[in-house]
Amino acid sequence: MNKLKRFLRDLGLKILRACGSTIIDAETGRNLGRAFLFTWRGKVFVIGLDTPVRPVFRPQARLTYWKQELGFTVHPPPDFPRCGKGP
Amino acid sequence: MAKVLNVILTHQPAACVAAMIEWWSRHADSAQVLIVAGGRREDFDEIAQAQKIFADDARLRTMDHQREFQSYTGVFRDVSAWLAGRDRTHVSFCEYDHLPLVGDFNEGQLARLAAEDADVIGHHVQRIDGTSHPHYLCHHSNPEFHRHWEKITRREDPEVILSMFGSGSFWTREAFDAVASHEEPFRIYLEIYLPTLAHHLGFRVRDLPDQNSFVQVSPDREPELDAVREAGAWAVHPVKRRWNRARGH
């Protein structure tokens, strides 16, 4: 039963990814994978994206009052210095 | 002079553990192996390895590890207690299905730790606060989650949450003992808790980007051990069924 459930889940995700969009990092332009996006009751549902992303509104050169773009980005790899370490 | 303790966490019967230790003896000093057995007490009693401890911890024995927020906090505490009075300088922590592949496994870890000037190195280390990472979102639903890090952090930014794959990591003794000495305030999944606590205690946690492709959730890597070794792997995960053959399964 679990195998069947897993198979159906994977198949569903494959179809939704194929119907979805390529997600491009709004800051670096890197390909973050494919996802199916849809809105429902004021929320954006992100289906099938494996990369952990943060939503960001994209900067606009032209001022528009009617439209803003929401994109996605990722944190840079963690590279924090040591800092007052101890138990 | 660095002295590494290789902690291997297992739940398997003694025959499987014996086969696992034989493999480890080809890749690290077997005198520096500590078996942490989280399975049945009868299996633990039959393990021939002199250096062993029994982990009697319900938070370790989860079935759905992510949804039950599996914890290694008790294991870290037990290992840290075992280390008291012993002169090990570093701890290499591996699950039973995380196999070393090179003869100088610990030397490679020590060299990388020094090159990164780090206190902890592990696989798939990433920053996940504010992201769509499922483990983060699940913990973020608890209002106490971020408050806890605000209370204990020694850093300017208390918001940082890290994730690190749980199957194998390498620690300085100081970082390991410091993390082991803290009580988990509420249930937090080990892949978030361990690296985030180390980070907020001031330790430097670094990723192993060149090794991450060899350490994945699935599939089982046993058929390709030689290939991944030739591709540069120090270790590989998962190899789940190899030791079962030692007891005829």
Side-chain angles (χ1 to χ4, degrees), chain A residues 1-7 9-14 16-17 20-28 30-40 42-58 70-87, chain B residues 64 80 116-122 124-137 140 152-164 171-183 192 195-209 212 216-218:
Chain A
M1 187 61 197
N2 271 346
K3 274 189 181 170
L4 179 66
K5 214 169 141 183
R6 180 93 199 171
F7 172 76
R9 177 187 175 277
D10 290 348
L11 182 67
L13 280 178
K14 211 169 188 172
L16 285 170
R17 283 189 185 117
S21 325
T22 299
I23 307 295
I24 301 294
D25 190 309
E27 290 171 5
T28 66
R30 188 163 72 90
N31 184 336
L32 299 175
R34 287 185 70 82
F36 184 78
L37 307 178
F38 72 97
T39 57
W40 178 253
K43 286 176 273 193
V44 181
F45 289 75
V46 182
I47 312 286
L49 186 62
D50 288 330
T51 311
V53 292
R54 291 184 296 143
V56 287
F57 278 98
R58 291 171 55 86
L70 185 63
F72 298 96
T73 188
V74 295
H75 284 297
D79 189 7
F80 298 97
R82 203 172 274 120
C83 162
K85 62 192 171 70
Chain B
D64 187 340
S80 183
E116 292 287 352
D117 188 25
D119 301 294
V120 184
I121 51 175
H124 304 284
V125 175
Q126 53 186 333
R127 182 176 174 183
I128 59 170
D129 49 286
T131 73
S132 58
H133 194 290
H135 301 165
Y136 170 73
L137 294 176
H140 187 40
I152 67 154
T153 191
R154 296 173 180 197
R155 294 184 179 268
E156 280 182 17
D157 184 358
E159 295 294 315
V160 175
I161 305 295
L162 300 181
S163 174
M164 179 173 77
W171 302 69
T172 62
R173 171 80 177 272
E174 186 186 7
F176 188 88
D177 282 342
V179 165
S181 71
H182 275 252
E183 285 294 328
I192 287 182
T196 304
L197 178 57
H199 169 78
H200 284 295
L201 292 178
F203 296 100
R204 179 164 157 79
V205 183
R206 292 288 282 156
D207 188 26
L208 292 167
N212 286 341
Q216 301 281 338
V217 176
S218 61

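What you see is a predicted model, and the numbers here were worked out from it, not measured in a lab. Each chain gets a letter, A, B and so on, in the order the sequences are listed, and its residues count up from 1. The figures here come from the full heavy-atom set of this structure, side chains too, leaving out hydrogens, waters and symmetry mates.
Judged purely by atom type and a 3.5 angstrom limit, B:Arg204 uses its side chain to pair as donor or acceptor with the backbone of A:Phe80.
Looking at A:Asp50, there are no atoms closer than 4.5 Å to chain B (heavy atoms on both sides), in backbone or side chain. Contacts of A:Val46 with chain B are absent, with no heavy-atom separation under 4.5 Å from either backbone or side chain. Interface residue B:His199: only side-chain heavy atoms are found under 4.5 Å from chain A. B:Ala180 does not touch chain A: none of its heavy atoms, backbone or side chain, sits under 4.5 Å away.
A salt bridge between A:Arg82 and B:Asp119 is present, with a side-chain N of the basic residue lying under 4.0 Å from a carboxylate O of the acidic one.
Taking chain A as the reference chain and counting heavy-atom pairs below 4.5 Å, the highest number among B:Asp207, B:Val205, B:Val125, B:Asp129 is found for B:Asp129.
The side-chain hydrogen bond (donor to acceptor under 3.5 Å, both in side chains) test with A:Asp25 is passed by exactly one of A:Asn31, A:Thr51, A:Thr73: A:Thr73.
When the shell of 6.0 Å around NE2 of B:His140 is examined, it contains 12 or fewer heavy atoms from other residues, nucleotides or ligands.
With no hydrogens or angles considered, no side-chain donor-acceptor pair links A:Arg54 and B:Thr131 at under 3.5 Å.
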